[in-house]
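Data block below; observations after.
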Amino acid sequence: MQPQPAPLGPCQPVAVPFIPTSVFALPDLDALEAISTGEAPGYIYARDNHPNAVQLESELNRLHRAAGTIVCGNGMAAITASIIASRSFTNNTGRILASDRLYGRTTQLLSQEVNPFGMTTTYVDTSDLAAVEKALEEAANKPFELLIIETISNPLLRLTDVEAVAKLCQKFGTQLLVDNTFASPYMCRPLELGADYVVESLTKMLGGHSDITLGSVSVRDIDKHARLKQVRSIWGFMGDSYPCWLSLRSLTTFELRMKQSIENATRLAKDLSSLSGVTKVHYPALPHHPDHALSQKLYGAFPGNMLCFELDGGREAVNRFFRKTKAIRFCPSLGDVATTSSYPAGTSHRYLTDDARAAQGITDGLVRLSVGIEPYEQLWGCFVKE
Ligand SMILES: *Cc1c(COP(=O)(O)O)cnc(C)c1O
């Protein structure tokens with residue numbers, strides 16, 4: 001016999017209830033029928049749907065002005081679900097066009113995992129609009145089903161003009177998937193700019209506390225949402241109730257955290273260039289960044305909370321820096337409330353050849369920072385302390 005819930009009387013909990021059940025008890029066959037067909041609201045089995053996911057999805061709909069969102073177990077599951085679902089809305093050429101600077105695991109997904117399913121990928125520099133147009137044009141008699149881009153790329157923060165790319169996609173009948181993880185809906189809402197699918201890794205800024213893995217796909221078209229839900233159930237991509245519940249709490253401070261961490265990053269980008277041993281700072285608000293003009297147009301003076309800098313002395317200099325600045329933890333993720341550092345050459349871009357790394361501008365002295373919400377003086381103190 002299960003213990004019965006304590007009666008609440010007329011009182012409602014203020015905090016969002018955490019509902020970890022894997023299955024729901026139904027009163028009768030009529031209820032089963034109505035819920036299964038979608039005529040009545042309700043839940044049956046947590047892999048298909050559960051209340052904490054639905055609550056999180058409605059928050060993400062609000063943030064992205066979306067018609068529908070699915071929450072998945074992590075960002076990669078969300079990207080995979082989008083690719084699979086997108087195939088139901090095209091001409092079946094099996095061709096994908098993708099940015100040549102995508103998140104490493106996404107590139108591996110495209111180059112190693114989806115090939116057995118009859119899909120081939122072509123890569124293009126999506127910061128270069130003319131190159132995107134040329135690639136789409138050349139494929140006109142066998143068009144790409146999907147173009148995959150990132151709003152802001154890792155680690156050197158190269159930008160893509162989502163709206164301009166979306167217009168090109170519409171012209172050539174190609175769907176557009178935007179991985180918006182580095183920008184987050186605080187900086188960019190790709191669906192409003194014409195994208196068909198927007199993916200977020202909630203593991204990063206949206207989660208904000210390094211305590212969950214979760215991903216999401218948001219769309220403007222309800223047929224795509226229905227197909228995504230089916231893909232999630234059958235392939236098993238659903239996110240668990242506990243991380244969904246934690247994310248709901250994270251979202252209550254999302255805008256505050258983004259505002260503060262981006263303000264910190266803009267100040268740090270300026271101050272870091274005065275630090276001894278720093279030879280270059282990569283931040284789109286700085287005039288020497290290759291996408292500076294686009295950055296000003298899209299994000300004004302505030303192009304996000306991520307930045308990179310280069311240390312004179314390569315790997316050894318980075319080692320010394322990490323040992324000295326212990327308050328800034330070295331960990332290969334981003335988006336935490338605390339500032340963290342990462343080393344692209346040894347983590348995200350480890351498996352590239354030396355030449356390919358060099359071609360992307362990822363040197364042995366390159367450090368990536370995910371800037372947090374610390375009071376600025378405290379943050380700067382971590383860099384200047386002897
Ligand atoms: C982390 C990340 C992902 C993958 O998300 P997970 O939640 O780790 O699966 C995808 N894209 C980008 C840009 C990321 O930073």
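Since this is a predicted model, take the numbers as computed values, not measurements. We count ligands from 1, going down the list as the structure has it; atoms in each ligand are counted the same way.
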Would you please name every residue forming a side-chain hydrogen bond (donor to acceptor under 3.5 Å, both in side chains) with T69, sequence neighbours left out? N61, S218
Among E200, K204, M76, whose heavy atom sits nearest atom 1 (C) of ligand 1?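 Nearest heavy atom to atom 1 (C) of ligand 1 lies in K204.
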Determine, considering heavy atoms only, which of A78, A183, S201 sits nearest to atom 5 (O) of ligand 1.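 That would be S201.
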Closest protein heavy atom to [atom], given as residue, atom name and distance to 0.1 Å:
atom                    : result
atom 13 (C) of ligand 1 : D179 OD2, 3.5 Å
atom 3 (C) of ligand 1  : Y103 CE2, 3.5 Å
atom 6 (P) of ligand 1  : G75 N, 3.3 Å

Quick note on ligand 1: atoms under 4.0 Å from a heavy atom of N74 include exactly 7 (O), 9 (O)
Cut-off 3.5 Å, side chains only: do [X] and [Y] have a donor facing an acceptor?
X    : Y    : answer
N305 : R257 : no
T181 : D179 : yes
E374 : T339 : yes

What class does the angle between the rings of F309 and F321 fall in, given that below 30° is parallel, 30 to 60° is tilted and above 60° is perpendicular? perpendicular
